[in-house]
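To keep things clear, I will list the structure first and then write my remarks on it.
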Amino acid sequence: MSTKRLTRREFLRAAGLTGAGLMAAACAPSAPPAAAPAAPTAAVPAKPKVLYISGTQSLTGAYAEDSAAVLAAFEDYAKYVNETKLLAPWRTDKFPADITLEVLWRDDELKPEKALSIYEELKAKGILVYRISGSPIGLALIDKLNEDRIGATSMSTSPAYLSPPRTIFTYYPIYTDDLAAVADWFLTQWKETRKPRVAYLTADNAMGHSIEIPEFRAYLEKAGYEFAGAQYVPLVPTAPPTTQLSWLKENKVDLALGVMINPGSQPTYKEMVRLDMGPNRGYKIVFACGTPSHLQVFLPAMGDLAEGFIVGGGFPGLDESLPGAKFYNDLQTKYRPDKKVTHIMYQGGLLEGMVQTEALRLAMTVVPYDKLKPVDVLEHGFYKIKNLDTGGLSATPLTYGPGKIEGVDQVRVDQIQGGKIVNLGVYPSHHIYKHE
């Protein structure tokens with residue numbers, strides 16, 4: 001059989017590949033390769049929202065016991081707020097559900113130069129509130145805090161914080177008002193026709209010397225006292241202050257007023273007892289200190305020797321029927337049942353934690369979390385705290401504002417009588433320190 005050879009033109013025609021077809025074929029897009037199944041996109045976790053509370057602590061040095069209790073309260077309070085979003089059992093306001101509180105702190109060792117470096121470190125970490133652990137730290141930081149517009153709570157009070165008022169806020173009266181309240185009480189007990197003689201017996205440091213202002217002496221003299229002078233005791237005495245106490249006797253002093261911590265007031269009072277000095281002893285004299293000579297620390301340590309000692313501006317006893325006292329005990333039962341903190345400055349730590357957290361909460365009602373700056377917490381937080389209910393842990397509810405850094409307007413006066421802490425009354429805070 002013969003086979004006919006096809007010409008190129010006939011072959012193309014038979015295949016249907018005309019010129020137009022070739023062109024169309026050339027222009028046709030090629031089929032894409034089959035796509036591989038898309039890998040699942042990993043969810044990017046949202047960055048946690050965290051706000052810091054606390055600031056400098058003095059866990060080394062004379063205030064170590066006080067500061068350790070304060071820090072424990074900060075830690076327990078942060079846990080409580082994070083778990084419940086409540087600010088206190090008696091309050092209905094809540095902390096934002098998506099924000100966590102963290103306690104940020106360093107030990108300043110009660111050294112101003114170290115406190116300054118810690119402040120810069122914590123500020124760089126983003127802390128928006130701060131705290132003061134003692135008068136030397138407050139004096140070192142007060143101007144920096146004010147310049148940076150950072151509000152701070154304080155374990156100490158001082159007329160310097162009012163010269164003029166800046167951004168350190170207190171929750172118990174300044175020392176002069178503590179002692180003025182004691183002086184008011186003493187006059188109600190005075191039965192003699194002569195004027196009572198008053199003197200300062202105070203710690204030989206910034207805290208102790210802060211009562212030596214003209215306004216306080218003028219208040220005492222106007223109230224009816226004769227001013228006899230002043231004597232000083234080291235913050236933590238290394239020897240009994242016999243000379244200072246003998247001076248009180250020689251100058252016929254009836255009321256001695258000062259500011260000391262317990263490591264100073266306890267040995268001073270022991271020596272008074274040895275010298276037969278006290279309200280019920282051979283030489284009749286009343287010795288009173290402002291907070292932080294806490295009676296709840298003084299009495300267990302001194303026992304029967306504590307009889308008659310007085311503190312102005314102190315905290316309520318834990319056996320008092322107050323919501324704050326119950327909160328104090330409940331927190332420790334929950335978070336540290338086997339290692340409870342017995343030092344009364346746990347109350348101070350709760351107060352500071354409440355104030356700092358309330359300032360943050362109030363500020364976030366005006367400024368969003370991601371735009372929050374220290375000045376916002378100062379102006380929309382601290383300055384807006386009005387009648388903050390502390391469950392009775394402070395003498396009155398706390399109120400602050402521009403130029404108003406003292407939270408309370410009344411002073412508790414308590415005395416040790418018969419082995420118990422007895423409340424002698426609540427007296428007005430006279431604000432006798434005149435400031436600009």
For Y80 and Y335, run ring-ring contact (aromatic ring centres under 6.0 Å, His included): C-alpha distance rounded to whole Å, both residues' side-chain angles, the deciding distance at 0.1 Å, then the answer.
CA-CA 9 Å; Y80 171 82; Y335 296 120; 7.7 Å; no
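- Shortest non-hydrogen contact noted between V341 and A69 is CG1-CB, 3.7 Å.
- For an aromatic pair to be called close, the ring centres must be under 6.0 Å apart, and Y400 with F382 fails this.
- Ionic pairing of K85 and D98 is not present here: no N-O contact between side-chain nitrogen and carboxylate oxygen is shorter than 4.0 angstrom.
- Of all heavy-atom pairs between L248 and A199, the closest is CD2-CB, 4.0 Å.
- The line from OG1 of T170 to CD1 of I405 is 4.5 Å long, rounded to the nearest 0.5 Å.
- Looking only at distances, no side-chain donor or acceptor of K79 sits under 3.5 Å from a matching main-chain atom of L331.
- Between D107 and T60, the side chains place a donor N or O and an acceptor N or O closer than 3.5 Å (distance only, hydrogens not considered).
- With hydrogens and angles disregarded, a donor-acceptor distance shorter than 3.5 Å links the side chain of T202 to the backbone of V259.
- For the atom pair CG of L360 and NE2 of H380, the computed distance is 13.5 Å after rounding to the nearest 0.5 Å.
- Side chains of Y77 and Q356: no donor on one and acceptor on the other come within 3.5 Å.
- D414 has a carboxylate O that lies under 4.0 Å from a charged side-chain N of R412, or vice versa, which qualifies the two as a salt bridge.
- Judged by distance alone, the side chains of E271 and T268 never bring a donor and an acceptor atom under 3.5 Å apart.
- D376 contributes no side-chain N or O that, together with a main-chain N or O of L372, makes up a donor-acceptor pair within less than 3.5 Å.
- Heavy atoms from other residues, nucleotides or ligands lying under 6.0 Å from NZ of K284 number more than 12.
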For side chain to side chain donor-acceptor pair (under 3.5 Å), just list the numbers for Y232 and E212, CA-CA rounded to whole Å, side-chain angles, deciding distance to a tenth of an Å, and then say yes or no.
CA-CA 12 Å; Y232 309 102; E212 294 184 290; 2.5 Å; yes
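- For the pair E358 and R91, the salt-bridge criterion is met [side-chain N within less than 4.0 Å of a carboxylate O].
- Note on E221 versus R217: salt bridge recorded, some NZ/NE/NH1/NH2 to OD/OE distance being below 4.0 Å.
- Other residues, nucleotides and ligands contribute more than 12 heavy atoms inside 6.0 Å of the NZ atom of K114.
- Not a single donor-acceptor pair under 3.5 Å links the side chain of Y119 to the backbone N or O of Y130.
- Side-chain contact check for D143 versus R166: some heavy-atom pair is nearer than 4.5 Å.
- Here the side chain of S210 pairs a donor or acceptor atom with the backbone of M207 at under 3.5 angstrom.
- Between the side chains of Y63 and S156, no donor-acceptor pair is found at a separation under 3.5 Å.
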Assess whether salt bridge (charged side-chain N to carboxylate O under 4.0 Å, His left out) is satisfied between E109 and K111, documenting all intermediate values.
CA-CA 5 Å; E109 301 178 9; K111 297 176 180 177; 3.0 Å; yes
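- Here the options are M364, R361, E102, the test is side-chain contact (heavy atoms from CB on, under 4.5 Å), and the partner is L51; only M364 passes.
- Centroid-to-centroid, the aromatic rings of F287 and F309 come within less than 6.0 Å.
- In this structure, R194 pairs ionically with D254, as a charged nitrogen and a carboxylate oxygen lie closer than 4.0 Å.
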Begin from the C-alpha positions of E352 and T153 and carry the test side chain to side chain donor-acceptor pair (under 3.5 Å) through to its verdict.
CA-CA 6 Å; E352 291 193 51; T153 55; 2.7 Å; yes
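- Residues Y346 and D76 have side chains that bring a donor and an acceptor to within less than 3.5 angstrom of each other.
- Under the 3.5 Å distance criterion, with hydrogens and angles disregarded, a donor-acceptor pair is assigned to the side chains of Y219 and D184.
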Taking it one step at a time, do T390 and Y171 satisfy side chain to side chain donor-acceptor pair (under 3.5 Å)?
CA-CA 10 Å; T390 65; Y171 52 85; over 6 Å; no
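- Side-chain polar atoms of D177 and S429 form a donor-acceptor pair below 3.5 angstrom.
- Side-chain contact, S58 with D108: a donor N or O sits under 3.5 Å from an acceptor N or O.
- Ion pairing between a basic and an acidic side chain is recognised when a charged N comes within 4.0 Å of a carboxylate O; E120 and K144 show such pairing.
- Remark: R281 does not engage E307 in a salt bridge, criterion side-chain N to carboxylate O under 4.0 Å.
- In this structure, H294 and H343 have perpendicular ring planes: the angle between them is above 60°, well past the 30° mark.
- In this structure, Y269 and G308 approach most closely via the heavy-atom pair OH-C, 3.4 Å.
- Among Y225, Y175, Y200, the one residue that satisfies the ring-ring contact (aromatic ring centres under 6.0 Å, His included) test with F216 is Y200.
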